[in-house]
Visitor: 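Below you will find the structure I want to go over with you.
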Amino acid sequence: NKLFVGNVPFKATPEELKEVFSQFGQILDVFIPRDSIGEPRGFAFVTCAEADVDAVRNGANGLEFMGRALSVNLPLAPGEKSEKKPKTGT
C-alpha cells in the first residue's frame with residue numbers, strides 16, 4: 001500500500017500531496033525524503049489504504065501538480081535499482 005511518487009515539486013509539502021492524492025482514495029501517510037542539508041529530493045512515498053492502491057496509482061499518475069506531471073509507481077525493493085534506458089545518440 002506504499003507508492004513511489006516521482007517528479008514531485010521541491011516546494012511541495014506532505015499536506016499538499018495528501019490533499020491531491022486523497023481525491024483518489026484514503027491516504028494514510030506522505031513522506032518526502034530530504035538530502036543531507038535538508039532539501040527535498042524531488043520524490044515522495046505515499047501510503048494509502050490497500051483497497052485504494054490501484055485507484056490512487058492510476059488516478060494520480062501523470063497528474064499535473066504545481067506545474068509538474070507526477071509519476072506514480074509501486075516502489076522497488078530496498079537496494080533494487082530500476083533499469084535505465086540506454087542512451088542513444090552521438
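Everything numeric in this text was worked out from a predicted model, so none of it was measured.
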Visitor: Are L70 and V53 connected into the same hydrophobic cluster when the rule is that any two of I, L, V, M, F, W, Y join if their side-chain heavy atoms are below 4.5 Å apart?
Guide: yes

Visitor: Search all heavy atoms of P75 against all heavy atoms of L3 and return the closest pair with its distance.
Guide: CD-CA, 4.1 Å

Visitor: Are any side-chain N or O atoms of D35 and backbone N or O atoms of E39, one a donor and one an acceptor, separated by less than 3.5 Å?
Guide: yes

Visitor: Check the pair N73 / R57 against side-chain contact (heavy atoms from CB on, under 4.5 Å), numbers first and verdict last.
Guide: CA-CA 7 Å; N73 295 291; R57 182 178 174 199; 4.1 Å; yes

Visitor: Hey, what do you get for CD (E19) to OG1 (T13), rounding to the nearest 0.5 Å?
Guide: 8.5 Å

Visitor: Under a 4.5 Å cut-off applied to non-hydrogen side-chain atoms, are P33 and F45 in contact?
Guide: yes

Visitor: According to a hydrophobic-cluster definition based on side-chain heavy atoms being under 4.5 Å apart (Ile, Leu, Val, Met, Phe, Trp, Tyr only), do F10 and M66 belong together?
Guide: no

Visitor: Counting N and O atoms only, with roles assigned by atom type, does the side chain of N58 sit under 3.5 Å from a partner on the main chain of D54, one being a donor and the other an acceptor?
Guide: yes

Visitor: Mind checking the CG-CD1 spacing from L17 to I32? Nearest 0.5 Å is all I need.
Guide: 5.0 Å

Visitor: At what distance, to the nearest 0.5 angstrom, does CZ of F31 lie from NZ of K2?
Guide: 8.0 Å

Visitor: Establish whether F4 and V46 are linked, either directly or via other cluster members, by ILVMFWY side-chain heavy-atom contacts under 4.5 Å.
Guide: no

Visitor: Count I, L, V, M, F, W, Y as connected when their side-chain heavy atoms are under 4.5 Å apart, and connections chain through other members. Are V5 and L76 then in the same cluster?
Guide: no

Visitor: Following the transitive rule for hydrophobic clusters with a side-chain heavy-atom cut-off under 4.5 Å over Ile, Leu, Val, Met, Phe, Trp and Tyr, establish whether F65 and F24 coincide in one cluster.
Guide: yes

Visitor: For V8 and A44, work out which heavy atoms get closest and say how close.
Guide: CG2-N, 4.0 Å

Visitor: To check you understand the geometry: which heavy-atom pair defines the closest contact between C48 and I27, and what is its length?
Guide: CB-CD1, 3.9 Å

Visitor: Does the D52 side chain pair with the main chain of Q26, one donor and one acceptor, at a distance under 3.5 Å?
Guide: yes

Visitor: Look up atom CG in N61 and atom CG in N7, then write down how far apart they are to the nearest 0.5 Å.
Guide: 11.0 Å

